[in-house]
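One structure is given here, and the rest of the page talks about it.
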Amino acid sequence: MAVTETEVDVRSVPLLKRLTEPKVIIGLFVAMWVPLMLYVMFGKYIGNAKDIMLLPAYPATVILYILGVRAFRESWVAVLGLTLVFFWIFMAVTAPYLPLLDPNKPIAPFTVPFTEKRDIFFWLGTDFKGRDMLSRTIWGCQRVLVWGVTATAVAYVVGTAFGLIAGYLSGWWDEIISFLGNVLLSFPVMVLFIVILNYLGPSGFNIVIAVTFASAPAIMRIVRGLALDIKTRDYVFAAQTRGESAFWIMVVELLPNVRGPIIVDACLRLGYTTVAITTLTFLGLGLQPPDPDWGLMIKESAGTAMLWKFSYMLIVPALSVSSLILGFNLLADGLREMSLRD
Amino acid sequence: MSSDKRVHPKVTEAKELMESGRMSRREFVRTAALLGVAAGTAYAMAGLPRPAFADSHGNMPFPADDPNAKEGGILKVAMQIQKVEDPATFSWVEMGNQARHMMEYLAMTGPDNVTRPMLAEKWEANDDLTEWKFHLRKGVMWHNGEELKAEHVVWNVTRWLDADLAAGGIIGLSTYSAMLEEHDTGEKDDDGEPKMVKKMIPGSVSADGDYTVVFKLKKPVLSVAEDCYNYPTAICHPSFKAPLSDNPIGTGPFTLAELKVGEKCILKRVTKTTDGKDFVYWGGKVYLDEIHYYNFDEDNQLVALAGGDVDAIYEFGVEQMELAKSLPGKVLAAKTAQTLLLRMQVDQPPFDDPKVRAAMTMAVDNARAKALVFPEGGSVGENHHVCEIHPEYFKLPEMKRDVDGAKALLAEAGHKDGLEVTIDVGNTDGPWHQTLCEAVRDQLKDAGIKMNINVMPASKFWEIWDKTPFGAVAWTHRPLGTMVLSLAYRKGVPWNETHFDDPEFEAALDDAEATLDVEERRAKMEKVEKILQDANIMIEPLFRPVYTMTSEAVNGYPAHPTQYHQFNKVWKS
Amino acid sequence: MFKLIGRRLIQMVLIMLTASFILFVIFDTPEFKKRLAIQELGGFAVSALDETTYNEWLEKKGLNVPFYQRYFNWMGNTLTGDFGFSYEKNRDAGPLVWEKLANTGILALGVFGLMIPISLILGVLAGMKEASLQDRAVSFISVFFTSIPEVATAIILTVVFALGLGWFPTKSAMISGFSFHELILPVLTLVVYDFGYVARMTRASMAEVMTSQYIRTAVLKGIPYSRVILRHALRNALIAPFTVIVLQLNWLLSGVVVVEVFFEYDGFGKLLLEAALFPDIEVVQACTLVAVAVAVISQIISDVGYTFLNPRIRFG
C-alpha cells in the first residue's frame, strides 16, 4: 500500500514512535507472515515448495521479537504478552522443522504424558486415536493464528473503509452505514456467527467472512468517530482546497491518522477472534479435521476423555489457546499503558 | 413345536443339508425359524444348546424369566429423543425404540438374528413361498380392552401400502414390494410420461377368520417374518391417527406418559385399559415399572452413564472404548453388517479408468486398516459389500495387498508421478469414518497415491453423498447380503451411488435372489461377489461392531445388531 | 427521555424486520429445505425420492409456498404472538423458546449474583489506589481470567472439580428436575470469564473519580478516608459499571451457547445452536427476535439508567 510512503503524523501515533525502523519492521513482518499464510491457506496447492517455504520466516520472527522487546521494554506486561504471542508464532513457523512426530499419525492410543510406548517417549501423551499430543499442540497453533489474524485484518480493512466513508462523507452515506452497523451490532455475536457459518458452511475462509460481519461494525464506529474529528483539521481543509478527490483525502490524509488509536483495539480484537475461532470449532462450525487445531482437539476429546486420567487431552489444548489469547490481551494492555503515558 | 402337523418341506430340506454338512447349524436354526419352526425346536433339531433367549416356553419371543429377577424400578436410557408421529413412516431407529414397548410386531428378531413369533404365534408358507399364513395369538389385549383380531392386522398392512402415506421404509422391504403393482393415474408428469403410482394388488392381504392373516405375494420372498420386525411395521389399533404420541393404543406392556422431543420420553406400565378393566399383557412377566429415555447426543451418553444420570445408553463409538472400559458397568458388543464404503464413481475421472480403481484397492490391506480402527470385533470387508455374517456369504480367495502392482497400474494409466485424489467424509455415524479414511490414506501413500480427506458436517455430506465422485458412505445392517446389492448396484436404482452398471452382474444377482436354498444361493453368490470385487468400485475395509453399555445394576440388556430395544425381561438389581 | 426510548424501540423493530427478512431469505434456499428433509426422512430416503414425492413432502410441510407469502404469514402470526412451529422438537416454537429462555434466566441470575459483587469489590479496591500493588494485582487477575476462553474454563473446572475432586457432576442436563448442584459449574465458568471485564471497568471509573476535584477536597478537609470512599466516591464510581453490567446481558446470550453445549444445560444457547444446525427456521427466527430484543432493551435500560444516575447527562 502506498500509505507507508506518506508522512505520518507522529503526534497521533505515539506507539509507532517506538518502532525505530518502520520499513525494516514491515519488511520483516511480511517475511514472517506471507510464507506462513501461504503455507496454511494454500498448502494444498504448493506442493514440494512447502518444505522450504517457511525457512525465511524463521529468522524474521526472531528478529521481530527482539526488536519488539526493545521497543516495549518499559512495560513488562507488553513484553510478557509479546513473548507469549511470539512463542506461538515461532512454533507455527518452525513446526515443520522440529523433530516432531507426524501430528496426524495414529501410534498408541490413550498414552498418558511422560510415558514410553512402542519405544517412543510421549511428553504430552497421545489422544484417543494415538496421535502425539505434543506434535498436535505445536502444529495446532498454525491454523488458529493464520485464520485469526487474517480474519481480524480483513475486518479492519472493511470496518475502516466504511468508517472513513461514513465519517468523512456523512449525510446519507453515514445514515445507511450506521444503520447497517447497528443492525449487525444488535445481534449477539454468537447468533451472528452461527447463522453465517451455518449458511456458508464451516471453513477457514468462511470464518473470515463471519468475523468480518461481527467485528467490522464496531471498528467502523471507532473509525467513524475518529474521522469525524480529523476532518475538521487544517490539513484536510488544505487538501480539499487543493481539489483532491474524496477518495484521495480518505486514503492519504485520514487513514494514516486513524491508524494509531486502533492498534490497541486490534490487539484486543485478535484475542476475541482467537476465542471465537476456538469456540466455533468446538461447536463444529469452525475449522474442520483432520489437521490439528486446538478447538478441534478439545471437541474431539470432550466425548472421549471425560476421565481424570485422560484429562490431559482436554487440559493441554485449553491451556495453549488460553496462553495465546493471554498474550494478545497483555500486549494490548501494555500498549494502552504506554500510549497513555505518552 | 413338535406338535406341528406340517413341517415346511424347505425345513426338511435344510435339515438334510445341515446333516450332510452343507449348511451350518446356526444357519439351519435361522432358516427353520423363518419358515415357522419355533426357535427352541429349531435349536433342538440342530442339536445346539438352547441359549436362554431361544427358549420357547409358551412360544414366547422373549428370554426366559430369570428366577433372580427383581420386579419394579425405572430403567433410564440415554438416547436421542425423536418425535413419535406415525410408526409406518418412522425414519430413525430411535423412533422405533421409543414406540417398541407400546406397539408390537407380528414377529421379533432377537439379538441372535433369529426371528420368533410375537403377536403371531406361528406362521407357515406354501411350497413356493408366495402365500404366507400368520396365525395370531389369541387373547392379545389392546390398551383399550379389545382383543387383537386378524382384521386389525389387515387394516395395518393395507394402510402401509397406501401410496398417500409414502411409507418408504416399508415398501422398500421385499415382502411389501411384492404386494404392489404400478398403476397409471391417468395424469402426465412434466415430461409427458404417464404418472405412475404404486398400489396394493387387491387381495394380497386378507383375514381368514379372526386369527389368521394371509399374505399373497407376486414373487417368492423368504424373509416375510423378518420384514414383519422392521421398525416401521409396528401394529397399531385401527383407531390410530397420527401423531401416535397423542393417543397411543398398542398391545405392549408400556404406554407413553410424557414425550418432549429433544428432552425425554417417559414410558409407564399399563395397568388399566382405557375402559377401566385390568390390563392383561399377553407376553408374561415384565419386570420394569417405567422406562425413561433422556436426550443425550452420542458423544455425551457415556458421560451421562458415568455420572449416574442413566442406567444404559443407546450407543457409544469405538473412540470412546477406552473411556467405557475405565467405567464400572457392562460393555456390550454386537456383530453387524454395518459398513463404510470408500466408493468411487465409475464415470468420473480419474475413477473412470478401471486401472486407477484397481490400483486404489490393490494398495490397501483391508485387514490392517480394520485392525487400526476396530481392534476388537467386527469383520474384514472384501470390497463386495457382503458380510461374513450374511447367510449366503461366499468366501472368495483372500485379497493380497500389492503396492508394486498398484504402482505399475498407475503408471499404465498415465499417472507415473503418482495420483492425487480427495475423498468426502461426513462422519455420519461417528468420527470412525474419518479414522478409517486416515488409515487407508496412509496405506495409499506407499503406492504414490495422495488421498486428501475432506471432512464436512454430516448435514452437508447428506446433500452430496450419492453425487461426489469419491466419498465415504455408511450402509446399515440388512439381514441378507443380496438385499443391499439390489439396492445399490443395479442400474438406475436411486441408491446406486457408484453408477455401477453391469448386466452380467445383475443376471447373476437375479439368479442368486431367485434361489431360496441358502447353500445353492451361496454357490451363486461367488459370481456376484467376484464381479463386484473385480470391478474395484469400492474400498471396503470392514464391517463394524456396535457397542453399548449399561451400569452393573442392569440385567438382561440385549445388544441388538440394529440397536432395537427389547426390555421386556430387563431388570434392575 | 421518552423520545430516546421511542427512537430506540423503533430502531429495534426495524432491526428485527431486517434480521428476520435476511434469515428467511437464507433458510428459504433449496439447500436448507433439502437439509430439513434429510433430518426428517434420513439421507438415504431423501435421495430415493423422486421429484414429485419430494414436492409433495414440501407441500405437506408448507415449504413450497412462495417465499414472500410465507414471510408475510410468519410476520402476521408473530404479531399475534404465534412464533410458529419447531420441526425438530415437534411443538410450538413460542413456548419452547420461553421455556429455554427461563432456564438461561436461572443461569444468568446465578452469574450476575456472583459476578456483580466480585467484580465491583475488586474494581473498587483496585481503583482506590492507582498503580498500587493491589491495583496491579487486580488488573493482572482480570486480564488473566478474561483471556481464558469459556470452553477452556469449562474444561479446567470440569477436570478439577468434577473429574478430579468429584464435588460436582460433569454435566448439567438436570434430567431429574432442577438441581442447584448441577448449576454451579456452568455459572462459575461464565463468572470466571466475565468478572475481569467488569472489574476493569469499575477500576477505571473508580480511578477517575478518585482523581476528581471534590474527592481531593474531601480528603484535604480531613474527612476520614473510609467515609470519603463509601459516601462520596462509590456513588459516582458505580455509574459506569452499572451500564456495563446491564450490557453484559447481551454478551451473556452469546456466551451461554458454548457453556450450555459443553455442560448439556438445556437453555437458550443450546436451543439456538441446535435449531440453526437442524435447520429449524422458525425457532431460529424466534430466538433471533428474542436476542435482538434483549440486546436493544438492555441498551435502553443502560442508557436510561445512566441518565437517572448521572444528572449531568441529558440526552437530546
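Naming convention: chains lettered A, B, ... in sequence-line order (proteins, then strands); numbering from 1 in each chain. Note that this is a predicted model, so its numbers are computed, not measured.
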Exercise. Residue by residue, scan residues 322-331 of chain B and write down, ordered by number, those that have a heavy-atom distance under 4.5 Å to chain A; if none do, write 'none'.
Key: B:Glu322, B:Leu323, B:Ser326, B:Leu327

Quiz item: Which atoms form the tightest heavy-atom contact between B:Thr339 and B:Leu542, and what is the distance?
Solution: OG1-O, 2.7 Å

Quiz item: For B:Val440 and B:Pro541, which heavy atoms make the closest approach, and how far apart are they?
Solution: CG2-CG, 4.1 Å

Practice problem: Could you check which of B:Gln301, B:Glu298, B:Glu319 has the highest count of heavy-atom pairs closer than 4.5 Å to chain A? | Solution: B:Glu319

Quiz item: When only pairs under 4.5 Å are counted, which of B:Lys460, B:Lys450, B:Glu438 shares the most heavy-atom pairs with chain A?
Solution: B:Glu438

Practice problem: Evaluate the salt bridge (Lys or Arg N to Asp or Glu O under 4.0 Å) criterion for residues A:Arg131 and A:Asp102: first the C-alpha distance (whole Å), next the side-chain angles of each, then the deciding distance (0.1 Å), finally the verdict. | Solution: CA-CA 8 Å; A:Arg131 298 172 296 190; A:Asp102 181 345; over 6 Å; no

Quiz prompt | Distance flag, aromatic centroids of B:Tyr293 and B:His565, threshold under 6.0 Å | solution = yes

Quiz item: Can the ring centroids of A:Phe122 and A:Phe114 be said to lie less than 6.0 angstrom from one another?
Solution: no

Quiz item: Can you tell which of A:Phe282, A:Trp147, A:Trp88 makes a ring-ring contact (aromatic ring centres under 6.0 Å, His included) with A:Trp294?
Solution: A:Trp88

Practice problem: Would you mind telling me which of A:Tyr97, A:Phe90, A:Tyr39 makes a ring-ring contact (aromatic ring centres under 6.0 Å, His included) with A:Tyr58? | Solution: A:Phe90

Give a yes or no on whether a salt bridge exists between [X] and [Y], defined as a side-chain N under 4.0 angstrom from a carboxylate O.
X	Y	answer
B:Lys370	B:Glu540	no
B:Asp446	B:Arg401	yes
B:Arg544	B:Asp429	yes

Quiz prompt | Those residues of residues 123-130 of chain A, ordered by number, that approach chain B below 4.5 Å (heavy atom to heavy atom) | solution = A:Phe128, A:Lys129

Exercise. Could you tell me which portion of B:Met321 (side chain, backbone, both or neither) has an atom closer than 4.5 angstrom to a non-hydrogen atom of chain A?
Key: neither

Practice problem: For atom NZ of A:Lys105, decide whether the heavy atoms of other residues, nucleotides or ligands shown that lie under 6.0 angstrom number more than 12. | Solution: no

